[in-house]
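In this chain, residues are counted from 1 in sequence order. Predicted, not measured: the structure shown is a model, and the values here were computed from it.
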Amino acid sequence: MRGGCVVAGAAVLAVAVASGPAAGADQWRPRPGSLYISDLPTTESWRAAPIARGWGDSYDACLEGWPEGRPEVNVWHRDFTTAETAFAQQKVVVFATEAEAVAFAETTRRNYAGCADRPQPPGVTATGYDHGVVDVEEGATLQGMHTFDADAQERPHFNYLWGVGRDGDTVTLVLWSSYWGDPPVAAWKKTLRTAVNKLY
């Protein structure tokens, strides 16, 4: 899709800041709790794929060049879609130590916060938003971005929301994008809070 940032595959999300025990672990731990369709904003009619192991194949906008060495076990994702206008995804990763989780969450937040400052394709302008913190467990933040493509014949506007939350050694990313309407900031903060609360 054309916009301020390219929606990249899982190979691009080299998001772990640590390459220690979490990256090298060979045993899967019990999966933390994940979002249900009913936890997402009711402004959209959602459907969901099953929860699956791994980072998933899509929706990692703007994360090119992140440190390599992400963990490949104790990672789960779930995709949510509407008929045509919106996409969402939850990623959950459990680290070997809380320190690794803290570093990962902060690196993730900084990278999302810098998305709008990165070079854009010709004709595309991007505006970033800091939607603030969500008071839940060890904390959560919500970043956003709007892009406008002056050369697009259709769907010139895209909105993104990137939520990052942590509970102990576990981090969840709760991601949303759409080319239709305003981003559901207040509702997505509620979804982010629910996602963190449901981890354990």
Side-chain angles (χ1 to χ4, degrees), residues 1-13 15 33-52 54-64 76-92 108-109 111-132 134 140-165 172-198:
M1 88 177 84
R2 192 154 180 240
C5 286
V6 175
V7 174
V12 172
L13 183 59
V15 291
S34 299
L35 291 170
Y36 297 133
I37 291 177
S38 58
D39 297 320
L40 273 62
T42 57
T43 52
E44 303 274 6
S45 179
W46 295 98
R47 52 197 173 196
I51 299 167
W55 291 99
D57 294 331
S58 61
Y59 201 69
D60 300 315
C62 305
L63 302 184
E64 298 87 351
W76 297 265
H77 72 278
R78 191 178 198 188
D79 294 340
F80 301 86
T81 57
T82 65
E84 61 176 283
T85 61
F87 178 81
Q89 188 179 76
Q90 181 183 21
K91 301 179 188 290
V92 177
T108 304
R109 185 198 65 76
N111 275 270
Y112 284 138
C115 278
D117 297 327
R118 301 186 185 189
Q120 307 299 327
V124 174
T125 57
T127 305
Y129 299 92
D130 184 350
H131 296 299
V134 176
T141 59
L142 186 66
Q143 308 292 327
M145 184 175 71
H146 170 261
T147 63
F148 175 72
D149 186 347
D151 298 327
Q153 299 299 311
E154 59 181 16
R155 303 178 183 176
H157 297 274
F158 270 88
N159 283 294
Y160 304 86
L161 293 173
W162 299 303
V164 181
T172 186
L173 311 183
V174 184
L175 317 170
W176 173 95
S177 69
S178 178
Y179 62 83
W180 185 264
D182 295 328
V185 173
W188 206 248
K189 281 189 172 183
K190 181 178 179 181
T191 296
L192 178 57
R193 178 181 288 107
T194 299
V196 177
N197 276 327
K198 291 183 74 169

Separation between CH2 of Trp162 and OG1 of Thr108, rounded to the nearest 0.5 Å
12.5 Å

Closer than 3.5 angstrom, by distance alone: can the side chain of Gln120 be matched with the main-chain N or O of Arg118 as a donor-acceptor pair?
yes

What's the shortest heavy-atom distance between Leu35 and Phe80, and which atoms?
O-CZ, 3.8 Å

Considering only heavy atoms from C-beta outward, does the side chain of Tyr129 approach that of Val185 to under 4.5 Å?
no

Is the backbone N or O of Asp39 less than 3.5 Å from a side-chain atom of Thr191, with the two atoms forming a donor-acceptor pair by type?
yes

Sub-4.5 Å side-chain heavy-atom contact between Asp130 and Gln143
yes

Side chains of Asp149 and Phe158 in contact at under 4.5 Å (non-hydrogen atoms)
no

Tightest non-hydrogen contact, residues Asp151 and Gly123, listed as OD2-CA, 3.8 Å

Do Pro184 and Leu161 come within less than 4.5 Å of each other through their side chains, counting heavy atoms only?
yes

Please identify each residue that fulfils side-chain contact (heavy atoms from CB on, under 4.5 Å) with Asn197, with sequence neighbours left out.
Val136, Glu137, Arg193

If I compare all heavy atoms of Gln90 with all of Ala195, which pair ends up nearest, and what's the gap?
NE2-CB, 3.7 Å

Considering non-hydrogen atoms only, spot the tightest contact between His131 and Lys189 and give its length.
O-NZ, 2.5 Å

Under the side-chain contact (heavy atoms from CB on, under 4.5 Å) test, residues paired with Ile51 that sit two or more places apart
Arg31, Ser34, Trp76, Arg78

Report yes if the side chains of Thr81 and Trp46 come closer than 4.5 Å at any heavy-atom pair, otherwise no.
no

Pairwise distance CD1(Ile37) to OG1(Thr42) - rounded to 0.5 angstrom:
13.0 Å

Should Tyr112 and Leu175 count as side-chain neighbours, where that means a heavy-atom distance under 4.5 Å?
yes

Heavy-atom closest contact (Leu192 atom, Gly165 atom, distance):
CD1-N, 4.3 Å

Is any side-chain heavy atom of Trp176 less than 4.5 Å from a side-chain heavy atom of Asn159?
yes

Is there side-chain contact between Pro183 and Trp188, with at least one heavy-atom pair below 4.5 Å?
no

In terms of heavy-atom contacts, Glu44 and Ala86 come closest through OE2-CB, 3.8 Å

How many angstroms lie between OG1 in Thr141 and CZ in Arg109, if you round to the nearest 0.5 Å?
6.0 Å

Lys198, NZ atom: more than 12 neighbouring heavy atoms under 6.0 Å:
yes

For the ring pair Tyr179 and His157, is the centre-to-centre distance below 6.0 Å?
no

Rounded to the nearest 0.5 Å, how far apart are OG of Ser45 and CG of Leu40?
11.0 Å

So, the side chain of Thr85 versus the backbone of Ser178: is there a donor-acceptor pair under 3.5 Å, distance only?
no

